[in-house]
*Asks:* 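Sharing a structure below in structure tokens format, with a few things to ask.
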Amino acid sequence: MRDIAEFQTVDILHAASSPHPNPLPHAGEGTAASAPLITLDGVGKVFRGGVAALDGIDLTIGSGTFVSLLGPSGCGKSTLLRIIAGLLAPSTGARRWADGGTGHGSIGFVFQEPTLMPWASVADNIYLPLRLSGVARRAAAPRIEAAIAAVGLDGFAGAYPRELSGGMKMRVSIARALITRPHLLLLDEPFAALDEITRLKLNEDLLRLWQNEKWTVVFVTHSVFESVFLADRVVVMTPRPGRIAADLAIDLPYPRETALRTTAEYGLQCRAVSQSLAAAMAVA
Amino acid sequence: MRAQSLAKLLAPLAVGLLFLAAWEAVVRIEAIPRYILPGPLLVAETLWTDGPSLLGSLLVTLRITFAALIAAALLGGAIALLFARSRVLEISLFPYAVILQVTPIVAIAPLIIIWVQNTFLALLLCAWIVAFFPVVSNTTLGLNSADRNLAELFRLYGASRWQALWQLRLPSALPYFLGGLRISGGLALIGAVVAEFVAGTGGAETGLAFRILESGYRLQIPRMFAALVLLSFTGVAIYGALSLLSWLLLRRWHESALPRED
């Protein structure tokens, strides 16, 4: 855990294009294909009581990519994310780190709710992952400060969660996820409960952080517009049991700014993704 | 806002004064003898003259009450931790905690007083049996109420069971524990008084409950009332002190300690 700080991701954004490692029926031209970070092999999940949530998921997530999992409510997106995180064991198939390791401690997770400890200040909430791995508070202080600054919460280190707005709480949650400098950042519909204005702002801030930090991101959403704006790869899922219906590359250059939302290219990409989603819904 | 909080203070005070005035008036007009019903002025006077000796008895009762309350907090908390630790223990023991709670203490106090030689210990045990349950049931509930997602986060970061207990489950349980303690405070006093009633005189030291009994036998009804008044003030003070403790511990973060926006 302590050596995560030293971890360096490959600069994938500028890496040469190579064929997609795991082509799928609708797979687009790979824009940011890169060294795989984690691979799911025929992953399925059946819950106790016989509910099939996922079926035959083959997915390779490239290092440094921004992957969006898009699908209707209840299609098993969150289940898939939990399996990637290692919080849930798949019923069939396997999850493998490309480097053969366990990936322990190298994952950041952001839930749909801010999921903060109400009894702890902003700084202490962000400190939690480091505290659990035995980093002393004093040693962690500069990193906590940096994380607070990175999500734009300067001056709120001593505030308690109840004193913050919904958007600010989400920022704390993101800062907590990035304090360990994770290889892999998993976000489970993190902005779904926020108002539109706050959501757009957080989208842009998240993209900026991603470009600075070069994490690998898997972002679960049910919004076509959000997934196209953020991701360089959108994986469309079918309703329960969730299968991968389409795997689309989003061919829009980074950095992506507010102005992108009104361009024709953005509109075209959104239409393509919408059509894939509609097709996925029709299959079921 | 300030006028409102003033009204909140004055309204119950006015009701109380009206009631006392009516009581005094009825006693005087009907010329009710003092051994049937003393007026509030006489009770106040008795409280003043008998105060020192009653306070001594109150101290005896308070010692049992506080010892029982502390035992309820410590042992109750420990039992709740055991329950939270092991589901098997919880299922097998919780029904007996309920049985202890619902069995009237007046019925078992004589047995306890026969079995336990030391009077103080016997009274303490009775008061504890009455007081411990709210702490156990509330704290168990609190320990099991930790946010599921936070628990997953702890797992993701490889937290040990010990870390999860100290940093997640105990803070989550704190408001529940304090809520239980507030109920237990009043119950400990009731338990102590009931036990004293059953035990009778405890040798040289007599608690307030026995003074009430004794005053009743001797038809010193004003003193009986004075002791009663002292007892209820004590109960209110215990509740107030525990509420203050709860507020002090929770005011930074818990909903219950926030000022209402109305």
*Asks:* Does the side chain of B:Phe154 reach to within under 4.5 Å of the side chain of A:Leu128, using non-hydrogen atoms?
*Replies:*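 Heavy-atom side-chain distance check passes, below 4.5 Å.
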*Asks:* Would you check if B:Leu249 and A:Trp119 make a side-chain contact, meaning some heavy-atom pair closer than 4.5 Å?
*Replies:*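 No - every pair of side-chain heavy atoms lies 4.5 Å or more apart.
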*Asks:* Is chain B contacted by the side chain of A:Phe109, its backbone, both, or neither, given a heavy-atom distance below 4.5 Å?
*Replies:*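 Answer is both: backbone and side chain atoms of A:Phe109 are under 4.5 Å from chain B.
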*Asks:* What are the two closest heavy atoms between A:Ala177 and B:Tyr157, and how far apart are they?
*Replies:*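 Result for this residue pair: CA-OH, 3.9 Å.
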*Asks:* Kindly say whether B:Arg252 contributes a backbone atom to a donor-acceptor pair with the side chain of A:Arg162 at under 3.5 angstrom?
*Replies:*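 Checking the backbone N and O of B:Arg252 against the side chain of A:Arg162, a donor-acceptor pair under 3.5 Å is found.
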*Asks:* I'd like to know whether CZ of A:Arg137 has more than 12 heavy-atom contacts from other residues, nucleotides or ligands below 6.0 angstrom.
*Replies:*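 Count over threshold, so yes.
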*Asks:* Please flag which part of B:Leu250 lies under 4.5 Å from any non-hydrogen atom of chain A: side chain, backbone, both or neither.
*Replies:*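 B:Leu250 has no heavy atom closer than 4.5 Å to chain A.
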*Asks:* Let me know if B:Glu152 has heavy atoms under 4.5 Å from chain A in its side chain, its backbone, both or neither.
*Replies:*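 Both the backbone and the side chain of B:Glu152 come within 4.5 Å of chain A.
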*Asks:* Where on A:Glu113 is there a heavy atom nearer than 4.5 Å to chain B: the side chain, the backbone, both, or neither?
*Replies:*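 Side chain only.
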*Asks:* Measuring heavy-atom distances to chain A, does B:Asn149 have an atom under 4.5 Å in its side chain, in its backbone, in both, or in neither?
*Replies:*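 Looking at B:Asn149, backbone and side chain both touch chain A.
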*Asks:* Considering only heavy atoms from C-beta outward, does the side chain of A:Phe111 approach that of B:Leu153 to under 4.5 Å?
*Replies:*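 A:Phe111 reaches B:Leu153 side chain to side chain.
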*Asks:* Could you tell me whether the side chain of A:Met117 reaches within less than 4.5 Å of the side chain of B:Asp147, counting heavy atoms only?
*Replies:*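 In short, these two side chains do not touch, never coming nearer than 4.5 Å.
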*Asks:* Which pair of heavy atoms, one from B:Ala159 and one from A:Leu132, lies closest together, and at what distance?
*Replies:*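 Looking at all heavy atoms of both residues, the shortest contact is CB-CD2, 3.8 Å.
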*Asks:* Which one of A:Arg131, A:Arg176, A:Glu163 has the most heavy-atom pairs closer than 4.5 Å to chain B?
*Replies:*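 Maximum pair count with chain B is reached by A:Arg131.
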*Asks:* As an exercise, state the distance from CG of A:Asp124 to CD of B:Gln167, rounded to the nearest 0.5 Å.
*Replies:*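 Result: 10.0 Å between the selected atoms.
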*Asks:* Chain A heavy atoms under 4.5 Å from B:Ser172: which part of the residue, side chain, backbone, both or neither?
*Replies:*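 For B:Ser172, backbone and side chain are both near chain A.
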